[in-house]
Peer 1: 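First, the structure itself, so that you have it in front of you.
So you know, we letter chains A, B, ... as the sequences are listed, proteins then strands, and number each from 1.
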2 protein chains.
Amino acid sequence: MTTTYRPLTEQEAIEIARTIEGIFPEGADLKSREIGDGNLNLVFHITDPASGSSLIMKQALPYAKVVGESWPLTLDRARIESESLILQNKLAPGLVPQVYRYDAALALTVMEDLSSHVIMRRGLMDTIDYPLFADHISTFLARTLFLTSDLGMNQQEKKLLVRDFINPELCKITEELIFDDPYTDAETNNIPAPIRDAVEAIWQDGELQFEVALLRQKFLTSAEALLHGDLHTGSIFITPESTKVIDPEFAYYGPMGFDIGAVIGNLLLNFAAQEHWSSDADARARYRTNLLTMIESIWTQFETKFRALWNEQSVDRLASAAPGYQDFYMKRLLQDTIGFAGCKMVRRVYGLAHVADIDAITDETVREKAQRLALAIGTALIRGNRQAETIGHVIDIVKKEGF
Amino acid sequence: MTTTYRPLTEQEAIEIARTIEGIFPEGADLKSREIGDGNLNLVFHITDPASGSSLIMKQALPYAKVVGESWPLTLDRARIESESLILQNKLAPGLVPQVYRYDAALALTVMEDLSSHVIMRRGLMDTIDYPLFADHISTFLARTLFLTSDLGMNQQEKKLLVRDFINPELCKITEELIFDDPYTDAETNNIPAPIRDAVEAIWQDGELQFEVALLRQKFLTSAEALLHGDLHTGSIFITPESTKVIDPEFAYYGPMGFDIGAVIGNLLLNFAAQEHWSSDADARARYRTNLLTMIESIWTQFETKFRALWNEQSVDRLASAAPGYQDFYMKRLLQDTIGFAGCKMVRRVYGLAHVADIDAITDETVREKAQRLALAIGTALIRGNRQAETIGHVIDIVKKEGF
């Protein structure tokens, strides 16, 4: 066993890959390709061209490079990612990559190769239809959230999970880049010049900041369930038939709505960006209608599955016995979801990290229109989150803002 | 150093006491008296009659005896108690006993002797006036809660404290005995026969159970601040001049209102019990008025001090910048406080553990009247907690229910 951390070479990666049982034939001629972006992790794609077998090795680097700057980042995130994947695979089988091995000393996770899938953000930019996604992601969300909450697991064991998934460094990134910096003239913001007026209006908007402060406090204090913590469409590998949620290094115990809102917010960012990606107006309208149907279906199926788990597997006597509590809980969760979806959208328009859906639009006028639409939808979701009664509230906002 | 746990003998306690620096003169003839109740902890009172110096040694036992039954209980609670006391003494100097030493292997805390003080519950039963208590306890609450919250301390360091104070076994006691068992026909309940009708009415009261379910969820998930976790009047040593909060073995990161509500709920239990303890009607009315003034003053002073800390020492930019957020936060905290105060009262009337204020009333009719009054106030606090706008809401309820 390796006992000290060092970034692996491709040859070392191959040697480790050989020791994983049941993947490669004895004596296979393995190839390695480093496919990571080099900012946070090394990612080795190890293949045996002869048998077609393959696997992925992801090694955390002890620093992060963002906008050219380097800051130290805990290797513990590899443990958090690996343990999350293993737990999620137990709770929602088949919806995350299988982990073959976790090596703590090397901060290395060896896992299932998903290169038959594409990153969902890319797929959406190509307007590919994913008819099973709402079913898959609602199952993932309902099962991972319910079964790690006080409703669905032993409340004392849950506290030990809270402890294991304390994740200060990665949470700090979210706390600053999603729940603070976009609402003030912070250096980290990356503001497209044409929409500066809209951004400055947000900095002056006390009502909006009040709602964000409430959502921020939930992110800081509400240990409801083990979240993925970064569930945007870049954290989902997909085909029309299969969905795999990846990269849970931001996992921690937080408010359930943050994960559900991340999915919905990112679908709405793609919605806003469809000004460009489908230039045919009819096709664009159809695609957008499909996206809204998908969003509605994600919540509706999530709610159905979550309530079914509650009715069948609750471990909380009072939560099940108190009349009206489940309805109240689901409504509040919807409201959180809507508020967090809005926060996820706003930061992706002019915060530190944007999304390709919008930024890859080459026509400046079209890009600005997409940015303004994303901001309008995002701020409306934040502003109205505590008044929402049904998922129709989201659809109404989107239609009102520019469909 | 001792390396294995064993319950200490008095002679061993004396030998350890000699090694604490700065307390006893060289060669002092120390006496030890075991003064614990023998259920959870050994408590040695070590004195040097010649110099008058003394200290307390509290050793956790690996089991709890409650209603004759023995169940295993983690020795880790000694660490939690000791670390809490040390932290509280930094944040609110002089309001908790000073810790001289903590020995992890022995689950032993050596600390300041407070035998010049009395247990506040006893003092209140003797209708002693404590004119400084509201000032002292509001300082303790404002400083320990604010300065361990995301408002008052670095949010990444706070997460490490959350981890250190994960306290599953002691939290389980609260979750069951306060937030579950009283609301169903649980075996642990200890129901006085004369009020069985009132208890059964609570078991049928869906509206009440709904509110308790909400409060229970806050206890399970809201990691707002490091709580004392068991702040009843039996956890307070007091004189008219001095207040010392003791026994924080239930400490964990939870909702702030739980600590404030514990204090107020226990004062109201004493209020209800004053049917007996002051048999002179005028004296009783005066004493009760004083108690209500004390309760009002605890909240008012707490709020003033908490807001001052917020305005002067906030580390949360957005929480301070968002217009109206502080007012909203304080109102919600008051509402939590009122709800938790009610829960604390209800369980002390017919749950597993009662309070001496009520149970020591010898006249059955008077005792029943006190029990019914405590239940009426407690359930009204729970029922109305989310509508409360000011602390006057509590006073109004008490006056309406039977003053």
Peer 1: So what's closer than 4.5 Å to chain B heavy atoms on A:Ser149: side chain, backbone, both or neither?
Peer 2: neither
Peer 1: Rounded to the nearest 0.5 Å, what separates atom OG1 in A:Thr221 from atom CD in B:Gln155?
Peer 2: 11.0 Å
Peer 1: How many angstroms lie between CZ in B:Arg317 and CZ in A:Arg216, if you round to the nearest 0.5 Å?
Peer 2: 8.0 Å
Peer 1: Taking every heavy-atom pair that is under 4.5 Å apart, which of B:Ala225, B:Ala322, B:Ala213 has the most such pairs with chain A?
Peer 2: B:Ala213
Peer 1: How many angstroms lie between atom CD of B:Gln217 and atom OG of A:Ser222, to the nearest 0.5 angstrom?
Peer 2: 7.5 Å
Peer 1: I'd like to know if B:Arg163 and A:Asp164 make a salt bridge, using a cut-off of under 4.0 Å between side-chain N and carboxylate O.
Peer 2: no
Peer 1: Could you measure the distance from the CG atom of B:Asp316 to the CG atom of A:Asp180? Nearest 0.5 Å is fine.
Peer 2: 7.0 Å
Peer 1: Chain A heavy atoms under 4.5 Å from B:Lys218: which part of the residue, side chain, backbone, both or neither?
Peer 2: neither
Peer 1: Can you see which heavy atom on A:Phe179 is nearest to which on B:Leu318, and at what distance?
Peer 2: O-CD2, 3.4 Å
Peer 1: For the candidates B:Gln156, B:Gln209, B:Arg332, which exhibits the highest count of non-hydrogen atom pairs separated by less than 4.5 Å from chain A?
Peer 2: B:Gln156
Peer 1: Under 4.5 Å heavy-atom distance to chain B, tell me which part of A:Leu214 shows up: side chain, backbone, both or neither.
Peer 2: both
Peer 1: For the interface with chain B, which of A:Tyr183, A:Phe328, A:Tyr252 has the highest count of heavy-atom pairs at distances below 4.5 Å?
Peer 2: A:Phe328
Peer 1: Does the distance from a Lys or Arg side-chain N to an Asp or Glu carboxylate O, for A:Lys159 and B:Glu175, drop under 4.0 Å?
Peer 2: yes
Peer 1: With a 4.5 angstrom heavy-atom cut-off, which part of A:Leu220 approaches chain B: side chain, backbone, both or neither?
Peer 2: both
